[in-house]
Asks: 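Here it is, the structure, as structure tokens.
Lettering follows sequence order; numbering is per chain, from 1.
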Number of protein chains: 2
Amino acid sequence: MDVRALETLRTVRSQGGVGAAAAVLHLTPSAVSQQLAALSREVGVPLTERVGRGLRLTAAGDALADAAVDVAVAVERARAACAAFLERPEGTVRVSAFQSGARLLLPPLLTRVAPLGGITVECSDEDVALDDFPALTDRVDVVVAHRPDGAQWPAAGLRVVPLLREPLDVAVPRDHPLAGRDRVSPGDLDDEDWIAVREGFPVANVLGAVATASGTTPRIVHRINDFSIAEALVAAGHGISLLPRFTGGGHPGVRLLPLAGVRAGRTVDALLRPDTAERLVVRRVLEALVAVAAEAAGRPR
Amino acid sequence: MDVRALETLRTVRSQGGVGAAAAVLHLTPSAVSQQLAALSREVGVPLTERVGRGLRLTAAGDALADAAVDVAVAVERARAACAAFLERPEGTVRVSAFQSGARLLLPPLLTRVAPLGGITVECSDEDVALDDFPALTDRVDVVVAHRPDGAQWPAAGLRVVPLLREPLDVAVPRDHPLAGRDRVSPGDLDDEDWIAVREGFPVANVLGAVATASGTTPRIVHRINDFSIAEALVAAGHGISLLPRFTGGGHPGVRLLPLAGVRAGRTVDALLRPDTAERLVVRRVLEALVAVAAEAAGRPR
DNA sequence: ACATCCATGCAGTGACGCTACATCGTCGGT
DNA sequence: ACCGACGATGTAGCGTCACTGCATGGATGT
């Protein structure tokens with residue numbers, strides 16, 4: 001019973017297919033298929049079943065994949081047990097973040113980790129739909145993800161470390177009629193042009209929730225995922241938008257107005273696979289990330 | 001990080017050397033040495049250090065061996081998770097027992113397991129010194145071992161399942177002056193010839209404890225490990241002996257007399273490695289063994 | 001001082017897993 | 001309804017890696 005084969009099974013489940021899993025594992029689909037076949041032969045139970053032109057794990061396969069997580073955790077714990085005897089933690093950690101989170105957190109993270117020495121942090125920005133964040137943990141060690149208030153990550157085989165909660169404010173141009181107010185309520189926002197994010201992305205339906213509070217449907221004229229672009233559009237008078245308080249606000253032509261009457265916000269979490277969460281270097285980086293997030297939330301601009 | 005290499009490290013620790021571990025694992029010492037070298041190279045820490053002409057695990061090696069137990073447990077749990085989807089548990093389980101325990105427990109164990117079908121039980125008798133019982137778990141799945149009152153098994157990486165406690169009675173020939181008594185006290189036993197077990201074996205020092213209760217040192221004339229041989233010698237008038245109540249007593253020429261005033265007994269346990277204890281077939285056999293032991297202790301002859 | 005025991009290094013060989021390619025079944029498009 | 005595309009699975013060939021066998025070095029006890 002090879003740990004690599006178990007890992008492969010786990011990846012096939014999380015990626016939803018042989019081909020996708022092969023891409024993540026840097027293998028050919030054939031190799032993945034052979035590993036599954038060997039594993040199935042060893043335990044004497046079919047682990048996968050064809051459905052359409054893809055496949056799905058059987059109940060036994062699902063149980064084995066669950067157990068595979070524990071195996072991976074135990075193996076990484078073993079590695080960490082030895083790494084504790086090294087004078088200082090060493091290695092490289094891959095961190096990804098959605099754009100606005102990356103702008104807020106990655107620079108201070110790197111400056112905080114640098115003096116530790118020996119730890120290499122590889123950053124990347126990954127903007128994906130809400131449902132696709134967990135699967136990123138197969139390619140990246142620490143995934144900085146965000147979710148709107150109320151949404152929850154699937155608990156299965158995923159470690160979630162909360163970083164910060166960020167209110168969503170209404171961003172208006174400085175010459176807007178509401179710009180002088182110190183806060184606005186949903187009713188003030190009828191008959192406005194909105195700049196929203198793409199469907200399926202984390203804070204897409206927050207705007208809907210705000211609008212239902214005033215009984216109208218918002219008029220969405222643009223769909224921009226990158227908040228800094230949205231901010232520039234707001235400043236230029238092409239509409240108003242919902243922007244996170246700590247991340248946005250850098251643009252001189254934009255005013256951020258707190259929303260009264262509705263609770264609108266998003267939570268930023270770090271997502272990790274349980275096994276990578278056991279790695280010593282990963283834990284060091286994660287600690288730094290938590291500290292950086294606390295600073296960012298406690299000292300908003 | 002291979003589970004087999006971790007297993008090897010664990011075995012080197014429990015067997016106390018490369019050669020012994022190689023014998024247990026059916027490998028050459030060279031292969032074991034190479035596995036350790038590869039493992040050490042992978043974690044970047046020396047796992048073993050030479051001491052005399054043998055070797056010993058370093059602190060890091062010890063920590064890794066501890067973690068290796070958890071890995072093995074997780075792997076076996078994974079196997080069991082799949083085995084649960086098989087219609088009935090299948091496989092072979094190796095059981096060993098010291099002689100008297102084997103005579104008492106193995107026959108009913110086999111008859112109880114047989115109707116389950118698909119489970120093969122391979123029995124062997126293993127009479128070793130008290131300290132050597134735990135190491136047997138590397139070669140045998142379930143080790144039926146015994147220990148005198150007060151002794152404890154080393155907790156490290158060993159699962160202990162108590163089976164029964166058995167008082168030690170004084171065995172005398174039927175024509176002995178004490179044969180008519182319904183119990184004896186230590187003072188009655190001065191000036192007797194004793195048949196004891198070899199030094200280092202489980203109940204060796206019980207006789208000493210009984211003797212100190214009467215202030216004398218026992219006169220040991222024979223050292224016989226097999227209780228049925230000792231029983232035959234007692235019947236022939238060559239001395240008296242301490243025999244376990246449930247196991248002995250089959251010989252018509254011997255009377256068993258309970259000891260008053262001192263608590264003399266032994267405990268019979270099943271010893272398993274934590275990982276083999278997770279195997280489904282092993283658990284089935286173990287359940288049967290516990291039931292058999294309860295019957296044997298509850299219905300003494 | 002020598003024989004013995006134990007762990008380790010090195011060359012040869014066998015097995016195992018991967019890549020590349022071909023095949024089969026299934027699903028959309030015209 | 002056919003055809004093209006996609007996704008998973010077998011097969012041949014190859015490379016790699018781990019094990020065996022033997023030789024070496026160090027430590028022990030007679």
Asks: Counting distance only, does the side-chain N/O of Thr58(B) pair as donor-acceptor with the main-chain N or O of Leu47(B) below 3.5 Å?
Replies: yes
Asks: Without decimals, in angstroms, what is the distance between Leu27(B) CG and dC6(C) P?
Replies: 17 Å
Asks: Between C1' on dA18(D) and CG on Leu36(B), what's the gap in Å once rounded to a whole number?
Replies: 14 Å
Asks: So which nucleotide from dA5(D), dT8(C), dT28(D) ends up closest to the side chain of Arg53(A)?
Replies: dA5(D)
Asks: Between dT8(C), dC19(D), dT19(C), spot the one nearest the side chain of Ala31(A), thanks.
Replies: dT19(C)
Asks: From dA7(C), dT19(C), dC19(D), pick the nucleotide closest to the side chain of Gln35(B)?
Replies: dC19(D)
Asks: Is the phosphate of dT19(C), meaning OP1 or OP2, less than 4.0 Å from a side-chain N or O of Thr28(A)?
Replies: yes
Asks: Identify whether the distance between the nearest side-chain nitrogen and carboxylate oxygen of Glu7(A) and Arg273(A) falls below 4.0 Å.
Replies: yes
Asks: Using atom CZ of Arg41(A) as one end and atom C1' of dG10(D) as the other, report the distance to the nearest whole Å.
Replies: 13 Å
Asks: Expressed as a whole number of angstroms, how long is the span from Gln34(A):CD to dT19(C):P?
Replies: 9 Å
Asks: Mapping His26(A) and Val18(B) onto DNA chain C by nearest heavy atom, which one lands closer to the 5' end?
Replies: Val18(B)
Asks: Say whether, by atom type as modelled, one donor and one acceptor occur between the side chain of Ser40(A) and the main chain of Val45(A) under 3.5 angstrom.
Replies: yes
Asks: Could you tell me how far apart Gln15(B) (CD) and dC6(C) (C1') are, to the nearest whole angstrom?
Replies: 15 Å
Asks: Rounded to whole Å, how long is the line connecting atom CD of Glu49(A) with atom C1' of dA8(D)?
Replies: 14 Å
Asks: Which is more 5' along DNA chain C, the nucleotide nearest Pro29(A) or the one nearest Val51(A)? Just name the residue.
Replies: Pro29(A)
Asks: Please report, rounded to the nearest Å, how far the C1' atom of dC16(C) is from the CG atom of Leu39(A).
Replies: 16 Å
Asks: Nearest to the side chain of Ser30(B), which nucleotide is it out of dT19(C), dG9(C), dT8(C)?
Replies: dG9(C)
Asks: Do NZ/NE/NH1/NH2 and the carboxylate oxygens of Arg79(B) and Glu278(B) come within less than 4.0 Å?
Replies: no
Asks: Using a cut-off of strictly less than 4.0 Å, decide whether Arg4(B) has a side-chain nitrogen or oxygen near OP1 or OP2 of dC19(D).
Replies: yes
Asks: For the side chain to side chain contact (heavy atoms under 4.5 Å, CB included) test, which of Val285(B), Val113(B), Val143(B) pairs with Val95(B)?
Replies: Val285(B)
Asks: Leu55(A) CG to dT26(C) C1': how many Å, rounded?
Replies: 13 Å
